[in-house]
Student: 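Have a look at this one before I ask anything.
This chain uses plain numbering: 1 for the first residue, then up along the sequence. None of the values given here were measured: they were computed from a predicted structure.
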Amino acid sequence: MQKVGFFKSVHAKVVLIYVLLILIAMQIMGLYFANKLETTLKHNFTHSVTDRLKLVDFSVKEEMVKSREENDGTLESNLRDILGGLSSGSGDISEIRVIDSHNRILATSDNNSQSIIGQRSAESAVTSALSTSSPIEKMAIDKKTDKRVWIIAKPIQSQGKTIGVIYVKANIETVFEQMATINKILAVGTAIALLITIILGVFIAKTITKPISDMRRQAVAMAKGNYSRKVKVYGNDEIGQLAVSFNHLTNRLQEAHSTTEGERRKLASVLTNMTDGVIATDRKGKIILINAPAQKLLATENNELMGRQITEILGLDEEYTFEDLIHMQEAVNLDFSTQDRPYIWRANFSVIQKETGFVNGLIAVLHDITEQEKIEMERRDFVSNVSHELRTPLTTMRSYLEALADGAWRDENIAPTFLNVTRTETERMIRLVTDLLQLSRMDSREYELNTDFVDFVKFFDRIINRFEMSKSKEVEFIRELPTTPIYVEIDTDKITQVIDNIISNALKYSPDGGYIRFKLTNIDDEILVEIKDTGMGIPKENVDRIFDRFYRVDKARARSMGGTGLGLAISREMINAHGGRIWAESVEGKGTSVFFTLPNNAEEDGEWE
């Protein structure tokens, strides 16, 4: 997180706001105080001058209206004495003049201006006062001192007539000088108060910003997944309560994170260990999650699929759009089969929605149904093969029985032949049903192995002797058997049936003059039996299928030889029940070798009978 500059920080803003508030408050108070003080000083000044002016007005009026005698002085001298006595008592009034009704100056209190006596007054205030008979007051600048003065022109009234004007020039500059001094004092006081305010504001702001800084650092730590930090609580005020709430939030987030992390690990474990493939997309159909089975199915790396369209990945872009998959109710089969192996998956689609119904994405669950499809196909083939195997002898029997019913039974030459064919086909169906029942019991595990320890060399040799004595073809039997006994634990009836099936097939498909080789080898903890013929062989692509039920390489020839197509299938089930393996190797035109193994768990020091 970017560090906040000092002047952009809350700390500086709080101090600035605090100082501005104090400054504004002090300025308002100062302005109000200065204004009121100036008004009061002006009022006091004018009131003082006005009071003295009343006395001057009375004295001057008496002097101007009284009757003069010979021993009385002149009007000008008497007025000068009156004005001199009044102006000398105070420094507020700088000059007082008396002007008669003809605008002639009769007296002045300024000793330096006595020469103007007898001259006409040039002051506009005097002229206005004489003409209007009303007092005139105004502020002006003294041309001599360049200072502000207060001028009063007060008419002298006698018997309703204006007989003159008293002109007063008062030195009001002293009032403004006092105000300037007071303003300087206020300014200095304000500066000192601001300095103290800034210092106090820094400490006060720190008490507010420090918990906020702690919470900011805690928020940064929480964003990085660290929930161990706690905000220090400095008090029980609103910020303290916020810190307590923040610590409570941290605890709840830690619990929620732990729960979410646990669920995430569970989900990751489930997705990792699922045999089904899972693909999740966003609301635009782009892949955002895929587990290992799905990657294995698609034969790609995780990074290669992220952000790609699911319809493209699953090969559905030609048939469906992403909107179609959202509304898809039924599963879709995906065929990824190759020439080497079938590979079929079933895709089920589930929509991720909010409570408001807004579609957030799609989840596709891919299930491998290759074996299921294979089993279903085998079941259909099995039913078809059983139906065919039963229909063929039944059709033959019906034909011959119809012929016998039509009178062929009377012919002594034909009737025995027809009956013999019917009996043969009946025996064939009995063998087929018997084999089917045996396979059914083996599939449902409704059988038990009656095992016993036998010398497999003698056991195998006796079976070979039995076939050698009853063979109808000129086929040579070659034996490669050990001279020492090999004891194994087997069910002799079932293993006899396995060997009978293999040798019978070898005799069926071996031509006259050929041979069948029998080989027995003891390998570690198992024995290996090999029965090799010199028959017509099996095509390479069909070798692995000869143990399937009803499978025949040459179906017409095998059926004519009376086979049901179940012998090797039964043999495989019996060998598997013993814990062994069975397989075949063949070269077309040169013969076939059938191998099977049996566990050899006999103790060497055991006693055998």
Student: Compare all side-chain heavy atoms of Phe596 with those of Ile502 and state whether any distance is below 4.5 angstrom.
Tutor: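 Side-chain contact under 4.5 Å: yes.
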Student: How close do Gly580 and Pro599 get, counting heavy atoms only, and between which atoms?
Tutor: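 Nearest heavy atoms, Gly580 then Pro599: N-CD, 4.3 Å.
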Student: Determine, stepwise, if the pair Asp533 / Val475 fulfils side chain to side chain contact (heavy atoms under 4.5 Å, CB included).
Tutor: CA-CA 9 Å; Asp533 63 53; Val475 177; over 6 Å; no
Student: Would you please test Leu598 and Ile575 for side chain to side chain contact (heavy atoms under 4.5 Å, CB included) and show each step?
Tutor: CA-CA 7 Å; Leu598 293 171; Ile575 292 297; 4.1 Å; yes
Student: Measuring from Leu568:CG to Glu573:CD, what's the distance to the nearest 0.5 Å?
Tutor: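 Between atom CG of Leu568 and atom CD of Glu573 there are 12.0 Å.
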Student: What residues, two or more places apart in sequence or in another chain, satisfy side-chain hydrogen bond (donor to acceptor under 3.5 Å, both in side chains) together with Asn348?
Tutor: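 By the side-chain hydrogen bond (donor to acceptor under 3.5 Å, both in side chains) rule, Asn348 matches no residue at all.
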Student: Determine the sole option in Asn600, Ile490, Val457, Thr521 for which the side chain to side chain contact (heavy atoms under 4.5 Å, CB included) test with Ile527 is passed.
Tutor: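 Only one option passes, and that is Asn600.
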Student: Under the salt bridge (Lys or Arg N to Asp or Glu O under 4.0 Å) definition, can you give me all pairs with a residue in residues 521-532, not counting sequence neighbours?
Tutor: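 Sorted result for residues 521-532: Arg517-Glu530, Glu526-Arg581.
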Student: Do the non-hydrogen side-chain atoms of Pro485 and Phe456 ever get within less than 4.5 Å of each other?
Tutor: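 The answer is no; the side chains never approach within 4.5 Å.
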Student: Where do Ile290 and Met306 land on the side chain to side chain contact (heavy atoms under 4.5 Å, CB included) test, with the steps shown first?
Tutor: CA-CA 8 Å; Ile290 183 169; Met306 289 301 178; 4.1 Å; yes
Student: Rounded to the nearest 0.5 Å, how far does OG1 of Thr426 lie from CG of Leu419?
Tutor: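 The CG atom of Leu419 sits 10.0 Å away from the OG1 atom of Thr426.
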Student: In chain order, what residues pass the ring pair (Phe, Tyr, Trp, His ring centres under 6.0 Å) check against Phe595, with sequence neighbours excluded?
Tutor: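 For Phe595 the ring pair (Phe, Tyr, Trp, His ring centres under 6.0 Å) partners, ignoring immediate neighbours, are Trp583.
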Student: Given His578, which of Val498, Val488, Asp491 fulfils the side chain to side chain contact (heavy atoms under 4.5 Å, CB included) condition?
Tutor: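 That would be Asp491; it is the only one of Val498, Val488, Asp491 passing the side chain to side chain contact (heavy atoms under 4.5 Å, CB included) with His578.
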Student: Nearest 0.5 angstrom please: Ile499 CD1 to Lys494 NZ, how far?
Tutor: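 Atom-to-atom, Ile499:CD1 and Lys494:NZ are 14.5 Å apart.
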Student: So how far is it from Lys540 NZ to Glu588 CD, rounded to the nearest 0.5 Å?
Tutor: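 If I round to the nearest 0.5 Å, the distance is 12.0 Å.
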Student: Could you give the distance from OG1 (Thr259) to CD (Glu263), rounded to the nearest 0.5 Å?
Tutor: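 Thr259 atom OG1 to Glu263 atom CD measures 7.5 Å (nearest 0.5 Å).
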Student: Can you list the steps and then say if Asp493 with Asn450 is a side chain to side chain donor-acceptor pair (under 3.5 Å)?
Tutor: CA-CA 9 Å; Asp493 290 339; Asn450 299 317; 5.9 Å; no
Student: Donor-acceptor pair, distance only, cut-off 3.5 Å: does the side chain of Asn420 make one with the backbone of Pro416?
Tutor: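 A pair under 3.5 Å: no.
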Student: Should Leu528 and Leu520 count as side-chain neighbours, where that means a heavy-atom distance under 4.5 Å?
Tutor: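 No, side chains not in contact.
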Student: How about Tyr509 and Thr592: do any of their side-chain heavy atoms sit closer than 4.5 Å?
Tutor: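 The answer is no, as the side chains (C-beta and beyond) never meet within the 4.5 Å cut-off.
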Student: Under the ring pair (Phe, Tyr, Trp, His ring centres under 6.0 Å) rule, collect the residues that match up with Phe349, sequence neighbours excluded.
Tutor: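 Applying ring pair (Phe, Tyr, Trp, His ring centres under 6.0 Å) to Phe349 gives none.
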Student: Flag the pair Ile463 / Thr496 as yes when at least one side-chain heavy-atom distance between them is below 4.5 Å, and no otherwise.
Tutor: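 Yes - at least one pair of side-chain heavy atoms lies under 4.5 Å apart.
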Student: Can you give me the closest heavy-atom contact between Ser510 and Ile516, atom names plus distance?
Tutor: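 It is OG-CG1, 4.0 Å.
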Student: Return the minimal non-hydrogen interatomic distance between Ile582 and Ser571, and the atom names on each side.
Tutor: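 Scanning both residues completely, I find the closest heavy atoms to be CD1-CB, 4.3 Å.
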Student: Listing request: all ring-ring contact (aromatic ring centres under 6.0 Å, His included) pairs with a residue in residues 310-334, at least two apart in sequence or in separate chains.
Tutor: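 Applying ring-ring contact (aromatic ring centres under 6.0 Å, His included) to every pair that reaches into residues 310-334, excluding sequence neighbours, yields nothing.
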Student: Please list, one pair per line, the donor and acceptor atoms closer than 3.5 Å that link side chains of residues 476-484 to other protein atoms, with sequence neighbours excluded.
Tutor:
{"unit_1": "Arg479", "atom_1": "NH1", "unit_2": "Asp461", "atom_2": "OD1", "d": "2.3"}
{"unit_1": "Arg479", "atom_1": "NH1", "unit_2": "Asn465", "atom_2": "OD1", "d": "2.7"}
{"unit_1": "Arg479", "atom_1": "NH2", "unit_2": "Asn465", "atom_2": "OD1", "d": "2.5"}
{"unit_1": "Arg479", "atom_1": "NH2", "unit_2": "Glu468", "atom_2": "OE1", "d": "2.5"}

Student: If you take all heavy atoms of Gly535 and Pro511, which pair is closest and at what distance?
Tutor: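 Nearest pair, atom of Gly535 first, then Pro511: CA-CD, 4.0 Å.
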Student: Taking only residues two or more places apart in sequence, or in another chain, which ones meet Thr321 in a side chain to side chain contact (heavy atoms under 4.5 Å, CB included)?
Tutor: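 Thr321: side chain to side chain contact (heavy atoms under 4.5 Å, CB included) contacts with Glu323, Asp324.
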Student: Taking everything shown except Glu318 itself, do over 12 heavy atoms lie less than 6.0 Å from its CD?
Tutor: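 No, not enclosed.
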Student: Go through the structure and list residues passing side-chain hydrogen bond (donor to acceptor under 3.5 Å, both in side chains) with Asp455, not counting sequence neighbours.
Tutor: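 Once residues adjacent in sequence are excluded, Asp455 has no partner under the side-chain hydrogen bond (donor to acceptor under 3.5 Å, both in side chains) criterion.
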Student: Under the side chain to side chain contact (heavy atoms under 4.5 Å, CB included) criterion, do Arg346 and Val365 qualify, and how do the steps go?
Tutor: CA-CA 8 Å; Arg346 178 171 295 162; Val365 179; over 6 Å; no
Student: For Glu312, what residues pass the side-chain hydrogen bond (donor to acceptor under 3.5 Å, both in side chains) criterion, not counting sequence neighbours?
Tutor: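 Scan of Glu312 (side-chain hydrogen bond (donor to acceptor under 3.5 Å, both in side chains), adjacent residues dropped) gives Arg308.
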Student: Filter on ring-ring contact (aromatic ring centres under 6.0 Å, His included), then keep only pairs touching residues 240-277, sequence neighbours left out; what's left?
Tutor: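 Checked against ring-ring contact (aromatic ring centres under 6.0 Å, His included) - neighbours excluded - the pairs reaching residues 240-277 are Tyr227-His257.
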Student: Determine all donor-acceptor pairs shorter than 3.5 Å in which one atom belongs to a side chain in residues 278-286; sequence neighbours excluded.
Tutor:
{"unit_1": "Thr281", "atom_1": "OG1", "unit_2": "Leu362", "atom_2": "N", "d": "3.1"}
{"unit_1": "Thr281", "atom_1": "OG1", "unit_2": "Leu362", "atom_2": "O", "d": "3.4"}
{"unit_1": "Asp282", "atom_1": "OD1", "unit_2": "Lys284", "atom_2": "N", "d": "3.0"}
{"unit_1": "Asp282", "atom_1": "OD1", "unit_2": "Gly285", "atom_2": "N", "d": "3.1"}
{"unit_1": "Asp282", "atom_1": "OD1", "unit_2": "Lys286", "atom_2": "N", "d": "2.8"}

Student: Ser586 and Gly591: which non-hydrogen atoms are nearest, and at how many Å?
Tutor: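 Between these two residues, the closest heavy atoms are OG-O, 3.1 Å.
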Student: Just jot down the side-chain hydrogen bond (donor to acceptor under 3.5 Å, both in side chains) partners of Thr451, sequence neighbours excluded, or say none.
Tutor: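 With neighbours one apart ignored, the set is Glu489.
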Student: Tell me, yes or no, whether the heavy-atom count around Arg466 atom CZ, taken from other residues, nucleotides or ligands under 6.0 Å, exceeds 12.
Tutor: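 For Arg466, atom CZ is crowded (more than 12 foreign heavy atoms under 6.0 Å).
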Student: Using 0.5 Å steps for rounding, measure from the CD1 atom of Ile495 to the CZ atom of Phe459.
Tutor: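 That separation rounds to 7.0 Å.
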Student: With side chains defined as the heavy atoms from C-beta onward, is the minimum distance between Ile538 and Ile546 less than 4.5 Å?
Tutor: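 Heavy-atom side-chain distance check passes, below 4.5 Å.
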Student: If you take all heavy atoms of Gly240 and Val233, which pair is closest and at what distance?
Tutor: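 Smallest interatomic distance, heavy atoms only, reads O-CG1, 3.9 Å.
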